[in-house]
Amino acid sequence: MHVELTIKTLIEKALKQMPLDTWPDVEIEVPNDSTHGDFATNIAMKLARVLRKAPLVIAETLVANIPENSVIKHIEIARPGFINFHVDKRIYRDVIQKILAAGSDYGASTLGEAQRVNIEFVSANPTGSLHIGHARGAAAGDALARIMQKAGYDVTREFYVNDAGNQINQLVRSIDVRYRQQLGESVTMPEDGYHGAEIIQLAQKIIEQHGKRFLTEAGTNYFRKFGVDHLLAALREDLETFRVHFDVWFSEATLYESDAVKKTIDQLKTAGHTYEQEGAVWLKTTDYGDEKDRVIIKSDGSYTYLVPDIAYHADKLARGFEQLIDILGGDHHGYVPRLKAAIQMVGGQEHALEVELLQMVKVLQNGEELKMSKRSGKAITLRDLIDEVGVDPIRYFFAMRSLNTHMELDLDLALKESNENPVFYAQYAHARIASILRNAAEKSLSPSLDKPYQFETLQSDKVLELLAVLADYPATIERAAQKRLPHKVTQYIQRLAQAFHAFYAAEMVLSDDPLATEERLVMLHAVKIVMQDALELVGVEAKERM
RNA sequence: GUUCCGGUAGCUCAGCUGGAUAGAGCGACAGCCUCCGAAGCUGUAGGUCGAUGGUUCGAGUCCAUUCCGGAACGCCA
């Protein structure tokens with residue numbers, strides 16, 4: 001049980017002494033100003049109205065009822081009715097042993113109750129390379145997945161492959177154009193074709209393997225398979241390099257092959273969620289809060305893209321997932337209400353689907369905004385970013401921002417190997433610890449970690465502050481997972497690094513006092529474990545040297 | 001015209017279920033290496049939380065109106 005929870009429990013016990021019918025939730029917060037204590041509660045103010053007494057009076061009664069304990073050093077009451085708790089920081093010494101015993105499991109919890117969660121993200125069409133928007137999605141989705149896993153959710157990472165729709169026909173046409181162009185024909189790429197360089201490379205490969213045969217012979221089927229296979233393989237490879245691994249690659253085409261699409265339509269019709277108008281079949285999404293009804297079968301008999309999407313989400317539910325999380329680009333916000341409506345029509349609960357929208361990334365280089373152009377195929381690819389900047393800064397930079405914020409990516413900044421670049425601050429802390437431990441080992445100062453240390457030498461404010469940050473790790477993970485806020489973890493990393501650097505600057509680890517040296521080394525082991533684990537959660541490498 | 005997102009320090013961004021004197025990093029300025037990695041540490045300056053009105057004991061946070069920036073409004077995907 002962490003300290004926050006302990007205090008909450010103590011307050012709840014005190015509350016039971018009060019003449020109340022219902023007991024309100026006890027909120028514990030960490031005051032901005034440390035002179036207001038380590039934790040505080042506003043419970044007295046919340047009760048003021050119910051009890052019809054002044055908050056300060058209520059606070060006094062409450063404080064008097066708080067049981068004896070070893071956690072709280074002293075309590076003070078402050079206007080207009082806060083109760084501030086100053087914790088005896090020596091209790092934080094326990095955290096070291098906890099961390100050493102748990103290792104990389106420290107911070108894990110059962111919050112998620114093994115709930116089966118499907119996180120779908122990236123899901124880029126196999127029609128080109130991944131660009132910067134996908135990179136944000138990949139970093140955000142994977143970080144969220146790792147964090148939720150740590151918090152006890154049973155997470156599946158899923159990539160939906162749009163290999164059946166119109167865009168694939170477009171891909172085939174584009175490959176065909178590039179193929180002919182390289183064999184000397186003067187054909188031009190249509191406006192809505194795929195202009196990326198990777199399509200040219202595909203055409204080249206086809207020529208290497210098959211020469212001119214598709215000038216006379218129909219190449220459509222071959223182009224489709226060849227294109228999708230190669231582009232998908234490239235996506236997968238780039239994502240793996242980016243340290244993002246998907247558990248499931250779900251093909252849209254299989255939804256047609258298994259008749260799932262047709263079954264979905266039948267189900268919707270039978271349940272009375274559809275009607276015909278002007279030769280088309282409409283879905284009554286307005287029944288579930290959408291702005292207007294949507295067409296699912298066009299008057300020419302073909303399906304709109306909504307149909308396979310419904311079948312797909314129904315399939316996820318059928319596979320037993322209790323919570324679906326879609327991470328989409330912000331430009332799809334208009335799509336969310338109809339998708340949520342549809343999910344309810346195929347038997348899902350209203351909250352079964354949760355959509356996290358990622359806003360646009362504005363890319364700056366040399367102080368100017370880089371505009372992307374689909375027509376020219378000019379876009380910053382994930383591959384470019386990895387080659388030029390490296391995985392660590394990109395992943396960290398994306399993980400630093402809350403999902404739903406518009407963000408700016410300054411390439412010059414990300415490229416800088418300096419303290420302007422926040423990822424180095426954290427990695428440097430880790431490398432510094434590693435360095436100290438190496439030095440200690442050279443001097444044969446490798447303490448056995450399972451000795452029953454009392455940590456009496458750990459007294460200074462800097463040390464106790466560092467321990468307090470370590471102790472806060474589990475609560476941070478839970479908050480980040482529950483509220484889907486991966487950036488809480490990068491904020492934590494900054495806090496931990498800051499607390500360590502401040503300690504490091506203030507006192508020597510390796511000193512003349514053998515016991516103090518030993519206990520501090522043991523503490524550093526614990527800091528290193530947590531730092532590495534936190535970095536791992538956002539997909540960043542913890543370096544031994546840099 | 002409707003809908004969604006954003007507007008908080010010079011810059012990039014946090015700010016939880018409405019709580020105390022609105023925070024962090026970077027940048028600026030001033031200090032700190034006879035000592036385990038100075039990619040570090042310590043300190044200072046910097047704010048009408050886009051604007052107006054409302055609800056509340058209390059509003060960056062909730063409501064209404066409005067301004068600015070981004071995005072979406074198809075029998076395209």
Side-chain angles (χ1 to χ4, degrees), chain A residues 25 27 29-33 35-36 40-42 45-46 48-49 54-55 78-82 84 125 127 162 165-168 170 192 277-282 291-292 294-306 308-309 329-337 357-360 362 364 397 400-402 404-410 413 416-429 431-440 442-443 445 479 482-483 485 487-488 490-491 494-495 497-498 500-511 517 520-521 524 545-546:
Chain A
D25 248 10
E27 294 173 41
E29 58 169 36
V30 179
N32 299 325
D33 187 337
T35 63
H36 292 136
T41 181
N42 62 355
M45 287 182 285
K46 283 179 102 179
R49 214 167 309 174
R79 292 174 164 283
F82 289 100
N84 297 334
N125 294 338
T127 56
N162 293 102
N166 221 332
Q167 67 279 1
I168 295 300
Q170 213 55 264
D192 52 358
Q277 193 181 326
E278 295 162 16
V281 178
W282 297 69
E291 280 185 325
K292 49 183 173 182
R294 310 291 172 174
V295 169
I296 52 171
I297 304 179
K298 301 182 229 170
S299 47
D300 68 359
S302 64
Y303 300 144
T304 63
Y305 60 98
L306 183 57
D309 267 8
D331 53 344
H332 288 82
H333 72 84
Y335 190 54
V336 177
L357 293 174
L358 294 172
Q359 300 302 327
M360 303 282 116
K362 186 200 241 183
L364 296 179
F397 211 89
M400 270 169 60
R401 305 297 180 226
S402 72
N404 197 18
T405 198
H406 299 262
M407 66 168 283
E408 204 168 85
L409 180 64
D410 187 334
L413 176 61
K416 273 188 196 163
E417 297 204 349
S418 78
N419 53 355
E420 285 171 70
N421 202 334
V423 68
F424 288 103
Y425 184 73
Q427 288 181 318
Y428 183 54
R432 251 184 168 178
I433 294 170
S435 170
I436 296 169
L437 296 179
R438 280 195 302 270
N439 291 341
E442 268 175 38
K443 297 178 187 170
L445 290 171
R479 214 169 304 145
Q482 197 161 35
K483 305 205 179 268
L485 302 173
H487 70 276
K488 292 279 173 205
T490 52
Q491 285 177 346
Q494 292 297 304
R495 256 204 302 152
Q498 199 275 329
F500 164 73
H501 284 309
F503 154 76
Y504 176 91
E507 43 196 291
M508 293 290 290
V509 174
L510 309 176
S511 71
T517 299
R520 282 188 286 227
L521 283 172
L524 286 193
R545 289 187 166 84
M546 52 192 292

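Both backbone and side-chain heavy atoms feed into the values below; hydrogens, waters and symmetry mates do not. Here is how names work: the chains are called A, B, and so on, in the same order as the sequence lines, proteins then strands, and each is numbered from 1.
Under the Watson-Crick and G-U wobble criteria, each requiring two contacts below 3.5 Å, nucleotide B:G69 is paired to B:C5. Nucleotide B:C76 forms no Watson-Crick or G-U wobble pair with any nucleotide shown, as no partner meets the under 3.5 Å limit on both distances. Of the nucleotides present, none pairs with B:U21 by Watson-Crick or G-U wobble criteria with both distances under 3.5 Å. Using N1 to N3 plus N6-O4 or O6-N4 for Watson-Crick, or N1-O2 and O6-N3 for G-U wobble, each under 3.5 Å, B:C62 pairs with B:G54. B:A14 is unpaired under the Watson-Crick or G-U wobble criterion, no partner having all donor-acceptor distances under 3.5 Å. Within the shown strands, nothing qualifies as a pairing partner of B:G27 under the Watson-Crick or G-U definition with both distances less than 3.5 Å. Across every strand in view, B:C32 sits in a pair with B:G40 that passes the Watson-Crick or G-U test at under 3.5 angstrom. With both pairing distances under 3.5 Å, B:U48 is matched to nothing as a Watson-Crick or G-U wobble pair.
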Distances under 3.5 Å between protein N/O atoms and the N/O atoms of nucleotides 56-62 of chain B, please, pair by pair.
unit_1 : atom_1 : unit_2  : atom_2 : d
B:C57  : N4     : A:Arg49 : NH2    : 3.2

Between protein and nucleic acid, restricted to nucleotides 66-68 of chain B and to nitrogen or oxygen atoms under 3.5 Å apart, what atom pairs and distances do you find?
none

Sub-3.5 Å pairs of nitrogen or oxygen atoms, protein against nucleotides 35-39 of chain B:
unit_1 : atom_1 : unit_2   : atom_2 : d
B:C36  : O3'    : A:Asn439 : ND2    : 3.2
B:C36  : O2'    : A:Asn439 : ND2    : 2.1
B:C36  : O2     : A:Leu510 : N      : 3.1
B:C36  : N3     : A:Val509 : N      : 2.7
B:C36  : N4     : A:Tyr504 : O      : 3.1
B:C36  : N4     : A:Glu507 : O      : 2.6
B:G37  : OP1    : A:Ser435 : OG     : 2.7
B:G37  : OP1    : A:Asn439 : ND2    : 3.0
B:G37  : O2'    : A:Tyr428 : OH     : 2.6
B:G37  : O2'    : A:Arg432 : NE     : 2.7
B:G37  : N7     : A:Ser435 : OG     : 3.0
B:G37  : O6     : A:Met546 : N      : 3.4
B:G37  : N1     : A:Met546 : O      : 3.3
B:A38  : OP2    : A:Arg432 : NH2    : 2.4

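To the nearest 0.5 Å, the span separating CG on A:Leu510 from NZ on A:Lys443 amounts to 5.0 Å. Here the straight-line distance linking atom NZ of A:Lys362 with atom CG of A:Leu409 works out to 12.0 Å at 0.5 Å rounding. The line from CD of A:Gln494 to CE of A:Met400 is 7.0 Å long, rounded to the nearest 0.5 Å. One distance of note links CG of A:Leu358 with NE2 of A:His406; it measures 11.5 Å at 0.5 Å rounding. With rounding to the nearest 0.5 Å, the separation of CG in A:Leu306 from CD1 in A:Ile296 is 7.5 Å. Atom-to-atom distance recorded for A:Asn125:CG and A:Gln170:CD is 11.5 Å, nearest 0.5 angstrom.
Taking atom C1' on both nucleotides, B:A71 is separated from B:U8 by 22 Å, rounded to a whole Å. Rounded to whole Å, the separation between the C1' atoms of B:C11 and B:A20 comes to 29 Å. Remark: the separation of the P atoms in B:U48 and B:C33 is 38 Å, to the nearest Å. Remark: the separation of the P atoms in B:G53 and B:A24 is 30 Å, to the nearest Å. Remark: the separation of the C1' atoms in B:G60 and B:U2 is 27 Å, to the nearest Å. Here, B:G27 and B:A9 have their C1' atoms 11 Å apart, quoted to the whole Å. Taking atom P on both B:C41 and B:G25, the two are 9 Å apart, rounded to the nearest angstrom. B:C13 and B:C49: their C1' atoms are spaced 14 Å apart (whole Å).
One atom, CD of A:Glu29, and another, C1' of B:U17, lie 11 Å apart when rounded to the nearest Å. Straight-line distance from the CG atom of A:Leu357 to the C1' atom of B:G70: 14 Å, rounded to whole Å. Nucleotide B:G25 holds its P atom 11 Å from the CE atom of A:Met400, rounded to whole Å. Atom NZ of A:Lys488 is separated from atom P of B:C13 by 17 Å (rounded to the nearest Å). Here the P atom of nucleotide B:A24 and the CD atom of A:Gln494 are 13 Å apart, to the nearest Å. Spacing between atom CZ of A:Arg495 and atom P of B:G25 amounts to 13 Å, rounded to whole angstrom units. As rounded to whole Å, 11 Å separates atom C1' of B:C11 from atom CG of A:Leu364. The interatomic distance linking A:Glu408 (CD) with B:C26 (P) rounds to 18 Å, in whole Å.
Using a 4.0 Å heavy-atom distance criterion, A:Lys483 is classed as a sugar-phosphate-only contact. Across all strands, A:Asn404 comes closer than 4.0 Å only to sugar-phosphate atoms, never to a base (heavy-atom distances). At the heavy-atom level, A:Ala40 lies under 4.0 Å from base atoms of the strands shown. Within the nucleic acid shown, A:Ala502 comes within 4.0 Å of sugar-phosphate atoms alone, with no base atom in reach, counting heavy atoms only. In this structure, A:Asn84 reaches the bases: a heavy-atom distance under 4.0 Å links it to at least one base atom across the strands shown.
Between the side chain of A:Asp410 and the backbone N or O of A:Leu413 there is at least one donor-acceptor pair closer than 3.5 Å. Within the 3.5 Å criterion, the main-chain N or O of A:Ala280 finds no donor-acceptor partner in the side chain of A:Ser299.
Side chains of A:Lys488 and A:Gln491 form a contact here, defined as non-hydrogen atoms less than 4.5 Å apart. The closest side-chain heavy-atom distance from A:Gln359 to A:Asn404 is below 4.5 Å. Between A:His501 and A:Arg432 there is a side-chain heavy-atom pair separated by less than 4.5 Å.
Nearest-nucleotide assignment on RNA chain B puts the 5′-proximal partner with A:Phe397, out of A:Phe397 and A:Asn421. Of the two residues near RNA chain B, A:Ala506 and A:Ala78, the one whose nearest nucleotide lies more 5' is A:Ala78.
B:C33: glycosidic angle within 90° of 0, hence syn.
A:Tyr305 meets the ring pair (Phe, Tyr, Trp, His ring centres under 6.0 Å) test with A:Tyr335; sequence neighbours excluded. Among residues two or more places apart in sequence or in another chain, the ring pair (Phe, Tyr, Trp, His ring centres under 6.0 Å) test is passed with A:Phe503 by none.
When all heavy atoms of A:Ser302 and A:Asp300 are compared, the closest pair comes out as OG-OD1, 2.7 Å. Across all their heavy atoms, A:Thr127 and A:Gln167 have their closest contact at CG2-O, 3.7 Å. Closest heavy-atom contact between A:Pro55 and A:Gly81: CB-CA, 4.0 Å.
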Reading nucleotides 71-77 of chain B from 5' to 3' and marking B where a protein heavy atom lies under 4.0 Å of the base, S where only the sugar-phosphate is that close, and - otherwise, the string is BS-SBSB
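No more than 12 heavy atoms of other residues, nucleotides or ligands lie within 6.0 Å of CD in A:Gln482, so this atom counts as exposed by the packing criterion.
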